[in-house]
Amino acid sequence: MILLIAKIIIGIVALLHLYFLWLEMFAWTTKAKKVFRSFPEELFEPTKTLAANQGLYNGFLAAGLIWSLLIKDGAWQVYVALFFLGCVAVAGIYGAATASKKIFTVQALPALVGIALLLVHLFL
């Protein structure tokens with residue numbers, strides 16, 4: 001049961017990062033303005049390429065998390081998920097420390113919950 005909940009969390013984190021990819025790569029100058037309200041509107045166009053690069057990295061995180069759900073070997077599935085959730089957690093903690101505290105709740109916290117669930121699964 002714990003593993004199933006962990007996989008659901010992994011799926012949610014992956015979906016979040018696919019959303020971040022879309023927002024930063026394809027909707028930066030449109031929909032992102034509504035999401036990042038504190039970001040000056042005149043900076044969206046000049047930072048479009050930077051946002052797209054950031055979105056690409058979010059896509060890599062999502063791909064790794066999705067890959068972890070497709071691995072047949074149970075141990076490797078957990079190890080790969082732990083690695084990518086760890087990457088998400090570090091990125092979320094860094095983002096919270098440098099950009100916005102909200103990033104911790106949206107990005108780091110779900111990843112940390114996933115990590116905790118996987119560790120409980122491993123040690124029970």
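Along the sequence shown, the residues carry numbers beginning at 1.
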Review point. Say you draw a straight line from CG of Leu4 to CE of Met1; how long is it, rounded to the nearest 0.5 Å?
Key: 6.0 Å
Check your understanding: Would a hydrophobic clustering, with Ile, Leu, Val, Met, Phe, Trp and Tyr connected at side-chain separations under 4.5 Å, put Val80 with Phe83?
Key -> yes
Practice item. Go through the structure and list residues passing salt bridge (charged side-chain N to carboxylate O under 4.0 Å, His left out) with Lys33, not counting sequence neighbours. Key: Glu41
Check your understanding: For the atom pair CG (Leu61) and CG (Leu16), what is the distance rounded to the nearest 0.5 Å?
Key -> 11.5 Å
Check your understanding: Linking I/L/V/M/F/W/Y whenever any side-chain heavy atoms sit under 4.5 Å apart, do Ile103 and Val113 land together?
Key -> no
**Study point:** Taking every non-hydrogen atom, the tightest pair across Leu21 and Asn58
**Key:** N-CB, 4.2 Å
Practice item. Apply side chain to side chain contact (heavy atoms under 4.5 Å, CB included) to Lys31 and list each qualifying residue two or more places apart in sequence or on a separate chain. Key: Trp22, Leu23, Ala27, Lys34
Exercise for review: Sorted by first residue and then second, give each ring-ring contact (aromatic ring centres under 6.0 Å, His included) pair with at least one member in residues 32-53; sequence neighbours left out.
Suggested key: Trp28-Phe36, Trp28-Phe39, Trp28-Phe44, Phe39-Phe44
Point to revise | Partner residues of Glu45 under the salt bridge (charged side-chain N to carboxylate O under 4.0 Å, His left out) criterion, sequence neighbours left out | key: none
Return a table of donor-acceptor pairs under 3.5 angstrom between the side chains of residues 68-75 and protein atoms on other chains or two or more places apart.
from, atom 1, to, atom 2, distance (Å)
Ser68, OG, Leu65, O, 2.6
Asp73, OD1, Ala75, N, 3.1
Asp73, OD1, Trp76, N, 2.9

Study note, to complete from the structure: The side chain to side chain contact (heavy atoms under 4.5 Å, CB included) partners of Pro46 (sequence neighbours excluded) come to none
Exercise for review: Apply side chain to side chain contact (heavy atoms under 4.5 Å, CB included) to Leu82 and list each qualifying residue two or more places apart in sequence or on a separate chain.
Suggested key: Val78, Ile115, Leu118, Leu119, Leu122
Check your understanding: Given the rule that I, L, V, M, F, W and Y join up when any side-chain heavy atoms are under 4.5 Å apart, are Val35 and Tyr57 in one cluster?
Key -> yes
Review point. Residues two or more places apart in sequence or in another chain: which of them pass side chain to side chain contact (heavy atoms under 4.5 Å, CB included) with Leu18?
Key: Leu15, Ala62, Ile66
Review point. Taking atom CE of Met25 and atom OG1 of Thr49, what is their separation to the nearest 0.5 Å?
Key: 10.5 Å
Exercise for review: Kindly write out the residues that satisfy side-chain hydrogen bond (donor to acceptor under 3.5 Å, both in side chains) with Thr105, not counting sequence neighbours, or none if the list is empty.
Suggested key: none
Could you list the donor-acceptor pairs under 3.5 angstrom formed by side chains in residues 84-102, with sequence neighbours left out?
from, atom 1, to, atom 2, distance (Å)
Thr98, OG1, Tyr94, O, 2.8
Ser100, OG, Lys102, N, 3.3

Check your understanding: So if you build clusters from Ile, Leu, Val, Met, Phe, Trp, Tyr with side-chain heavy-atom gaps below 4.5 Å, do Leu50 and Phe20 land together?
Key -> no
Exercise for review: Just grab all the side chain to side chain donor-acceptor pair (under 3.5 Å) pairs involving residues 107-124, residues at least two apart or on different chains.
Suggested key: His17-Gln107
Point to revise | Residues which pass ring pair (Phe, Tyr, Trp, His ring centres under 6.0 Å) with Phe26, listed by chain and number, not counting sequence neighbours | key: none
